[in-house]
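Below is one structure; the comments refer to it alone.
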Amino acid sequence: MVTIKDFKALRPKTNLAKDVAALPYDVYSTKEAAEEIKKHTRSFLQVDLPAATVDTYDGPINDVAVKNFEAMKAAGIFEGDDTRKMYVYELDDGARKQRGLMCLASVDDYLNDRIKKHEKTRREKEEDRVDHIDRLNAQTGPIFLTYRNDDGIADLIAKGTANAPELDFTTDDGITHRVWTLSDRPIVDGLVEAFKKQEALYIADGHHRSASAVRVAKLRREQFGPGDADTEYNYFMAILYPADQLHVYDYNRVVADLKGLSEEAFLKRLEEKFVVTEKDEAVRPEKKGVFGMYLADRWYCLEFKGEVPEDVIEALDVSILQDNLLAPILGIDDPRSDGRIDFVGGVRGLKELERRVKDDMAVAFSMYPTALEELMAVADSGKVMPPKSTWFEPKPRSGLFIHELDELK
């Protein structure tokens, strides 16, 4: 059984929403975020990535986030809903639409593994978000969750979106964003009951943000008590998309050097585990066990010779590449910490891999996308995916919904 809840969202005024909406803070460098804020002066990045708004700062950086947040509120950019509601947030990239339910998810569901994880988190990244949530007394970026398809949920969302959306705008990257408010109690209550039939929710994106929100909840439980079903810090803001509407992109790899091998020697080593075929055009793998490789201005197709392991983790393409090439041949033993490897989201295209090899890398590998079913299988098994296994697009924007926590006493 999964628990979801409606909430009183703080939202930008309709005519300002496009300027406020920002991609998640962790897809930008500080420099990129600063440029985005110059272009869109109301961008929520000034709250989510406050270092982009100052050259130097004295004291905790999230004090700057609080200052920027209060300034935006004082400028009348936001308005709060007066009653608890849910919302439908649709992303449309022209080829497909994902229509998700914006609501609150339960901290206890996370702790009891009804909200399933597939990635490890890094403590230092959590620390910043814990401090960010605690100082703002608000959760500012939705956790991207998915669930197994359910006709009853789909029917209720269809009823709630029968009228025209109250928000409908297109951002610079060509993604159209539409929002409907669900205030009709039979629909909201029906969704709460429908999700009780779901065995689990799955984190698609936002492991660090969800872990941080849960840590804030645990800190406040220690300080103020366990609270109850109406206590805001017992929940975190999430957007729930059905699995059949999501598209997982490849998450490709680039490596800085060949670990002292000549190109000829490197290709020879590859032939121990892969069938290596030179190609006249860029290689986008069309099935599992096949990889593209860009080396010295040439594309190759690499087809794994071995048996696919039965283990759910070892059978992933990212594991096959790691265990049979990146580690034994290129010496990338820990891709989480090795500075010689970088990762490129498939939405950037194969030309980006070619550019990286020409600019600052020695070799690039294009991947077949990890399937959502594989992600769910890993999460159900209680195991952890290798780093950078999935890339979801399009991504929900931050700043369109803010979940304010309880008044501190």
Side-chain angles (χ1 to χ4, degrees), residues 24 26-27 91 93 95-96 98 100 115-121 143-149 200-208 210 240-255 273-274 282-294 301-304 306-327 332 334-336 338 341-350 352-353 364-396:
D26 51 2
V27 307
L91 299 170
D93 67 2
R96 65 183 60 83
Q98 353 180 137
I115 295 176
K116 293 183 178 289
K117 311 87 178 166
H118 66 267
E119 284 184 11
K120 287 182 179 177
T121 57
I143 313 306
F144 186 166
L145 303 179
T146 187
Y147 58 92
R148 288 191 165 88
N149 306 326
L201 302 173
Y202 298 82
I203 299 176
D205 194 12
H207 282 80
H208 286 91
S210 55
L240 283 52
Y241 286 106
D244 64 347
Q245 292 183 16
L246 298 187
H247 182 71
V248 187
Y249 282 83
D250 40 309
Y251 214 155
N252 302 313
R253 276 82 168 122
V254 289
V255 181
K273 293 293 183 72
F274 301 89
V283 177
R284 184 182 301 280
E286 295 183 355
K287 63 180 182 178
K288 285 179 61 60
V290 175
F291 308 86
M293 182 177 74
Y294 187 67
C301 177
L302 310 181
E303 188 164 359
F304 183 54
E307 294 290 329
V308 175
E310 293 185 5
D311 180 82
V312 65
I313 299 292
E314 294 176 2
L316 296 171
D317 272 10
V318 289
S319 297
I320 290 172
L321 188 73
Q322 175 65 32
D323 297 341
N324 294 277
L325 195 162
L326 295 178
I332 307 290
D334 185 357
R336 285 187 175 86
D338 196 315
I341 190 170
D342 199 3
F343 305 89
V344 180
V347 71
R348 294 178 178 265
L350 299 181
E352 177 66 9
L353 298 184
F365 301 95
S366 57
M367 311 288 295
Y368 186 71
T370 301
L372 193 58
E373 292 79 10
E374 291 177 307
L375 181 154
M376 289 179 164
V378 170
D380 285 338
S381 71
K383 296 183 178 181
V384 176
M385 298 272 275
K388 310 297 184 183
S389 296
T390 55
W391 180 281
F392 288 91
E393 287 283 348
K395 297 180 183 296

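The structure displayed is predicted, hence computed values, not measured ones.
Side chain of N149 to main chain of D244: a donor-acceptor pair is present (N/O by atom type, distance under 3.5 Å, no hydrogens or angles). The main-chain N or O of D334 is never found under 3.5 Å from a side-chain atom of D338 such that the two would form a donor-acceptor pair. One N or O on the side chain of T370 and one on the backbone of S389 form a donor-acceptor pair closer than 3.5 Å. N252 places no side-chain N or O within 3.5 Å of a backbone atom of G345 that could act as its donor or acceptor partner. S210 places a side-chain N or O within donor-acceptor distance of the main-chain N or O of G206, the cut-off being under 3.5 Å. Judged purely by atom type and a 3.5 angstrom limit, Q322 has no side-chain atom pairing as donor or acceptor with the backbone of E314.
Residue R253 comes nearest to L326 through the heavy atom pair CG-CD1, 4.3 Å, listed as atom of the first residue, atom of the second, then distance. Taking each heavy atom of A315 and I320 in turn, the nearest pair found is O-CD1, 3.9 Å. Minimum interatomic distance between A95 and D93 (heavy atoms only, all atoms of both residues): N-OD1, 2.9 Å. For the pair P285 and G292, the tightest heavy-atom approach, listed with the atom from each and the gap, is CG-N, 3.7 Å. Heavy-atom minimum distance, L91 versus P396: CD1-N, 3.6 Å. The two residues H247 and Q98 have their closest heavy-atom pair at N-OE1, 4.4 Å.
The CG atom of L375 sits 8.5 Å away from atom OG1 of T146, with the distance rounded to the nearest 0.5 Å. Taking CZ from F343 and CE from M367, the interatomic distance works out to 10.0 Å, rounded to the nearest 0.5 Å.
In this structure, R96 and Q245 have side chains that are not in contact, with every pair of non-hydrogen atoms separated by 4.5 Å or more. In this structure, the side chains of V27 and K395 come closer than 4.5 Å at one or more pairs of heavy atoms. Side-chain atoms of K116 and M376, non-hydrogen and from C-beta on, never get closer than 4.5 Å to each other. Side chains of L372 and F392 form a contact here, defined as non-hydrogen atoms less than 4.5 Å apart. Contact annotation: the side chain of S366 never approaches that of R284 to less than 4.5 Å [non-hydrogen atoms, C-beta and beyond]. Using a 4.5 Å cut-off on side-chain heavy atoms (C-beta onward), M385 and V318 make no contact. At least one side-chain heavy atom of F291 sits less than 4.5 Å from a side-chain heavy atom of D317. Two residues are said to be in side-chain contact when any heavy atoms from C-beta on lie closer than 4.5 Å; H118 and T390 meet this criterion.
Under 3.5 Å, the side chains of Y202 and R148 contain a donor-acceptor pair of N or O atoms.
Salt bridge K288/E374: present, at least one basic N to carboxylate O contact under 4.0 Å. Ion pairing between a basic and an acidic side chain is recognised when a charged N comes within 4.0 Å of a carboxylate O; D311 and K383 show such pairing.
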Q: Check step by step if side-chain contact (heavy atoms from CB on, under 4.5 Å) holds for W391 and D205.
A: CA-CA 8 Å; W391 180 281; D205 194 12; over 6 Å; no

Q: Go through E393 and R348 one step at a time and tell me if the side-chain contact (heavy atoms from CB on, under 4.5 Å) criterion holds.
A: CA-CA 11 Å; E393 287 283 348; R348 294 178 178 265; over 6 Å; no

Q.
Could you go through L246 and F144, starting from their C-alpha distance and side-chain angles, then the distance that decides it, and tell me whether this counts as side-chain contact (heavy atoms from CB on, under 4.5 Å)?
A. CA-CA 11 Å; L246 298 187; F144 186 166; 3.7 Å; yes

Q.
Walk me through whether L321 and F304 qualify under side-chain contact (heavy atoms from CB on, under 4.5 Å).
A. CA-CA 9 Å; L321 188 73; F304 183 54; over 6 Å; no

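Residue K117 is tested with V384, V378, I203 for a side chain to side chain contact (heavy atoms under 4.5 Å, CB included); the sole match is I203.
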